[in-house]
Amino acid sequence: MYDSVNLSDLELHENTIADGRVRAVGYELRPKQMRPSVWVFESGERSTKHYQKEQEELYHVLSGQFEMEFFDDAGDETETLTLETGDVVVVSPDEVRQLECVEDGEVFIVGAPNTKDDGVVVD
């Protein structure tokens, strides 16, 4: 058994917790073990600074350019990773990170396990 969808068929939704818009792949396909979505950003937009309670996250840059910043427990930036079209990175749940769009683009993000409201925003 399988389900499929074309990204161009998915409505682009505004997001209330971060810049950018989202194509809710997971809402459309309802996978049991993962939580996929496509985030659409314009240059200068960014995700929240956050970590996950349980989910490991995979980020695949479909287009554009992004910087992923990582932070220590004190909130200081420890590393910045530049991500371009085709790049893939996996981030552990407890790693505090923030994605910033450098050049308009889209990022396919998959969190696993499929845990609702798993993200914890860090000020």
Side-chain angles (χ1 to χ4, degrees):
M1 181 173 172
Y2 71 90
D3 292 310
S4 70
V5 67
N6 188 293
L7 292 179
S8 65
D9 294 334
L10 296 179
E11 187 176 336
L12 197 57
H13 297 277
E14 293 295 322
N15 189 320
T16 58
I17 62 168
D19 291 340
R21 281 125 331 269
V22 66
R23 295 185 196 281
V25 176
Y27 184 80
E28 181 71 24
L29 298 178
R30 308 279 186 193
K32 293 181 181 10
Q33 303 298 319
M34 66 184 115
R35 197 168 184 87
S37 58
V38 172
W39 285 77
V40 179
F41 291 96
E42 293 179 6
S43 181
E45 292 183 324
R46 59 179 43 207
S47 70
T48 57
K49 185 190 302 184
H50 73 286
Y51 65 92
Q52 304 296 127
K53 295 176 193 169
E54 295 181 52
Q55 287 183 344
E56 181 175 56
E57 287 185 322
L58 179 143
Y59 295 76
H60 177 196
V61 178
L62 300 176
S63 63
Q65 183 180 23
F66 296 83
E67 288 186 348
M68 181 173 278
E69 300 169 348
F70 297 94
F71 301 87
D72 63 18
D73 291 340
D76 296 322
E77 183 180 330
T78 59
E79 185 177 354
T80 299
L81 181 63
T82 298
L83 300 170
E84 298 182 350
T85 301
D87 286 342
V88 179
V89 62
V90 174
V91 183
S92 64
D94 58 342
E95 192 75 40
V96 178
R97 71 281 210 155
Q98 185 170 36
L99 190 65
E100 181 173 358
C101 182
V102 176
E103 178 185 299
D104 294 2
E106 297 186 1
V107 181
F108 180 57
I109 303 173
V110 179
N114 187 354
T115 306
K116 185 177 179 183
D117 300 327
D118 191 57
V120 178
V121 175
V122 176
D123 293 326

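Bear in mind that the values here come from a model prediction, so they are computed numbers and not experimental data.
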- Message: Before you tell me yes or no, could you show the steps for F41 and L99 under side chain to side chain contact (heavy atoms under 4.5 Å, CB included), namely the whole-Å CA-CA distance, both residues' side-chain angles and the distance that decides it to 0.1 Å?
- Response: CA-CA 10 Å; F41 291 96; L99 190 65; 4.3 Å; yes
Please confirm whether the backbone N or O of [Y] pairs with a side-chain atom of [X], one donor and one acceptor, at under 3.5 Å?
| X | Y | result |
| --- | --- | --- |
| E95 | S92 | no |
| S43 | V102 | yes |
| D19 | R46 | yes |
| Q55 | A112 | no |
| T78 | D72 | no |
| D87 | V61 | no |
| N114 | P31 | yes |

Counting C-beta onward and ignoring hydrogens, is there a side-chain heavy-atom pair between [X] and [Y] closer than 4.5 Å?
| X | Y | answer |
| --- | --- | --- |
| R97 | E79 | no |
| F71 | E69 | yes |
| L12 | R23 | yes |
| S63 | E106 | yes |
| D3 | R30 | no |

- G105 versus F66, closest heavy-atom pair with distance: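 Of all heavy-atom pairs spanning G105 and F66, the closest is C-CZ, 3.7 Å.
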- Which heavy atom in L62 sits nearest to a heavy atom in T85, and how many Å separate them?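 In this case the closest contact between L62 and T85 is O-CG2, 3.4 Å.
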- Message: Please tell me whether W39 and M34 are part of a single hydrophobic cluster in this structure, the criterion being side-chain heavy atoms less than 4.5 Å apart.
- Response: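 Not linked; separate clusters.
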- Task: Using the rule that two of Ile, Leu, Val, Met, Phe, Trp, Tyr join whenever any of their side-chain heavy atoms come within less than 4.5 Å, decide whether L7 and V5 are in one cluster.
- Result: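 Yes; V5 is reachable from L7 via cluster members.
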- Message: Let's go through E103 and E84 carefully: what are the C-alpha distance in whole Å and the side-chain angles of both, what is the deciding distance for side chain to side chain contact (heavy atoms under 4.5 Å, CB included) to 0.1 Å, and is it a yes or a no?
- Response: CA-CA 9 Å; E103 178 185 299; E84 298 182 350; over 6 Å; no
- Would you give the length of the straight line joining atom CD of E28 to atom OG of S4, rounded to the nearest 0.5 angstrom?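 The distance works out to 9.5 Å.
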More than 12 heavy atoms of other groups within 6.0 Å of [X] [atom1]:
| X | atom1 | answer |
| --- | --- | --- |
| D73 | CG | no |
| N6 | CG | yes |
| Y59 | OH | yes |

- Task: Please test V91 against M68 for side chain to side chain contact (heavy atoms under 4.5 Å, CB included), starting from the C-alpha separation and ending with a verdict.
- Result: CA-CA 10 Å; V91 183; M68 181 173 278; 3.8 Å; yes
- Is the closest basic N to carboxylate O distance between E77 and K49 below 4.0 Å?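 Result for this pair is no, no salt bridge flagged.
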- Can you list the steps and then say if R21 with H13 is a side chain to side chain contact (heavy atoms under 4.5 Å, CB included)? CA-CA 5 Å; R21 281 125 331 269; H13 297 277; over 6 Å; no
